[in-house]
> 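Sharing a structure below in structure tokens format, with a few things to ask.
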Amino acid sequence: MSNSELLAKREQILGKAQLFYREPVQIVRGQGVLLYDQHDQQYIDMYNNVPCVGHGNPSVVAALQQQMAELNVHSRYLHPGIIDFGKRLLDHHADHLDSIVFSCSGTEAVEVALMTARHATGGQGIICTDATYHGNSTEVGKMSARPVSDPRFRSIPFPQSYRPLAEGVTEDELCQLYLNKVEEAIDDFADKDIPFAGMIVCSILANEGLPDIPAGFMSQAAALVRAAGGVFIADEVQAGYCRSGHWWGYQTSDFQPDIVVMGKPMGNGLPLSAVAANHDLIAAFRSKTGYFNTFASSPMQAAVGMAVLDVIEADNLLENATSIGRYLQTELTKLQPDCDAMAEVRGRGLFIGIEWVNDRERKVADRKGAFDVANRMKQKGFLISNAGALGNVVKIRPPLVFKQEHADLFLSAFAEMLTEIKR
Ligand SMILES: Cc1ncc(COP(=O)(O)O)c(C=O)c1O
């Protein structure tokens with residue numbers, strides 16, 4: 001079916017929803033980092049973090065098939081699988097995170113995290129950043145409002161060094177200015193008689209545009225939150241599972257969250273998410289909510305989740321994300337002198353953001369330009385996107401199995417694209 005026919009049918013059946021690119025792509029199959037359209041045109045996937053161990057990974061497919069054939073029930077029976085998976089996942093976390101709740105989507109897990117924070121503290125007030133996305137349920141979606149309007153949520157400017165709160169200050173001073181915003185939010189809840197519950201951040205501020213965060217902000221913000229009786233939640237839905245060159249994004253800026261939310265890559269495509277915290281927090285959440293989720297904590301989630309961990313560990317994908325991410329960032333940085341639009345090349349492991357601007361001096365965000373880059377790269381067979389608070393960050397986030405040979409193909413196509421847009 002042609003793209004235009006499929007698009008018309010889709011809009012009729014599903015309603016009009018957002019699609020990537022000027023001309024949408026119809027993907028019919030995938031293997032590793034490669035995707036193919038209906039004409040067998042090949043694309044190198046440099047966007048999708050869900051298939052972290054690669055599209056159609058044979059070990060994951062085998063585990064899924066075997067478990068589906070053997071047993072697939074909900075969690076109100078005893079089964080060792082989910083216990084073993086939970087334990088193995090927790091072993092990758094800091095020691096104090098020793099209990100876990102499984103869900104199916106990032107949104108659901110953020111809901112669990114918010115409920116856990118609110119039950120544990122008896123508070124309601126949650127601080128988030130002003131350009132975040134943590135999910136789309138009625139409660140979680142309140143944090144995506146611009147500006148946030150529900151009085152039980154309060155947003156602070158996300159910490160960054162590129163468009164800082166104040167120019168001409170040291171990194172420490174800048175960090176303090178952002179910390180002041182956290183304090184103001186805490187005070188504001190107190191003024192409004194809204195008991196404080198905590199703060200949630202994506203550990204690498206992925207949706208904000210992967211900014212460089214003033215050193216020390218995360219750990220000092222966590223300390224302020226705890227001193228005010230709240231808990232600090234790290235959203236690892238994008239940042240986790242080796243993406244950042246560490247197992248968890250919170251390790252990149254060395255802070256200790258009280259609650260961690262995980263999602264997207266956990267099941268390589270099978271809906272699987274989780275919240276980890278200490279035993280007391282999880283026990284309190286369980287006793288106060290009686291939480292149950294039909295498809296979560298199942299033998300199926302356990303088998304697939306285990307298979308994903310097996311591949312990550314056996315194929316050294318953490319090392320791969322670190323070394324290939326560093327290589328990509330270094331090589332992209334070398335292209336900056338030839339292209340004024342590339343104001344900053346930022347990286348966290350195998351996640352690169354390029355700040356695309358119209359005017360480097362005045363830092364004018366060029367959303368259209370970043371969108372154009374994504375479209376031009378698609379024409380050349382590479383799937384990337386644009387994102388960030390201003391939509392002007394070229395977002396490069398391939399599956400963890402992305403290799404040097406793919407990076408080299410991308411880099412030469414990217415350099416070619418830069419020459420074309422110069423003309
Ligand atoms: C940081 C972050 N948290 C949570 C979510 C929500 O996850 P889901 O789409 O699985 O509900 C997203 C989704 O993009 C996300 O980027």
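Throughout, numbering of the chain's residues begins at 1 and tracks the sequence. For clarity, every value in this text was computed on a predicted model and none was experimentally measured. We count ligands from 1, going down the list as the structure has it; atoms in each ligand are counted the same way.
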> I need the contact residues for ligand 1: any residue with a non-hydrogen atom closer than 4.0 Å to the ligand, ordered by chain then number.
Ser105, Gly106, Thr107, Tyr133, His134, Gly135, Asn207, Asp235, Val237, Gln238, Lys264
> What residues, two or more places apart in sequence or in another chain, satisfy salt bridge (Lys or Arg N to Asp or Glu O under 4.0 Å) together with Arg29?
Asp40
> With a 4.5 Å cut-off on side-chain heavy atoms, are Leu350 and Phe402 touching?
yes
> Determine, for Arg88 against Asp310, whether the closest basic-nitrogen to carboxylate-oxygen distance falls under 4.0 angstrom.
yes
> So, using salt bridge (Lys or Arg N to Asp or Glu O under 4.0 Å) as the criterion, who are the partners of Glu11 when residues are at least two apart?
Lys16
> Within the side chain of Trp248, is there an N or O that forms a donor-acceptor pair under 3.5 Å with the backbone of His92?
yes
> Name all pairs fulfilling the ring pair (Phe, Tyr, Trp, His ring centres under 6.0 Å) condition that reach into residues 262-321, sequence neighbours left out, sorted by first residue then second.
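Listed by first then second residue: His74-Phe292, Phe285-Tyr291.
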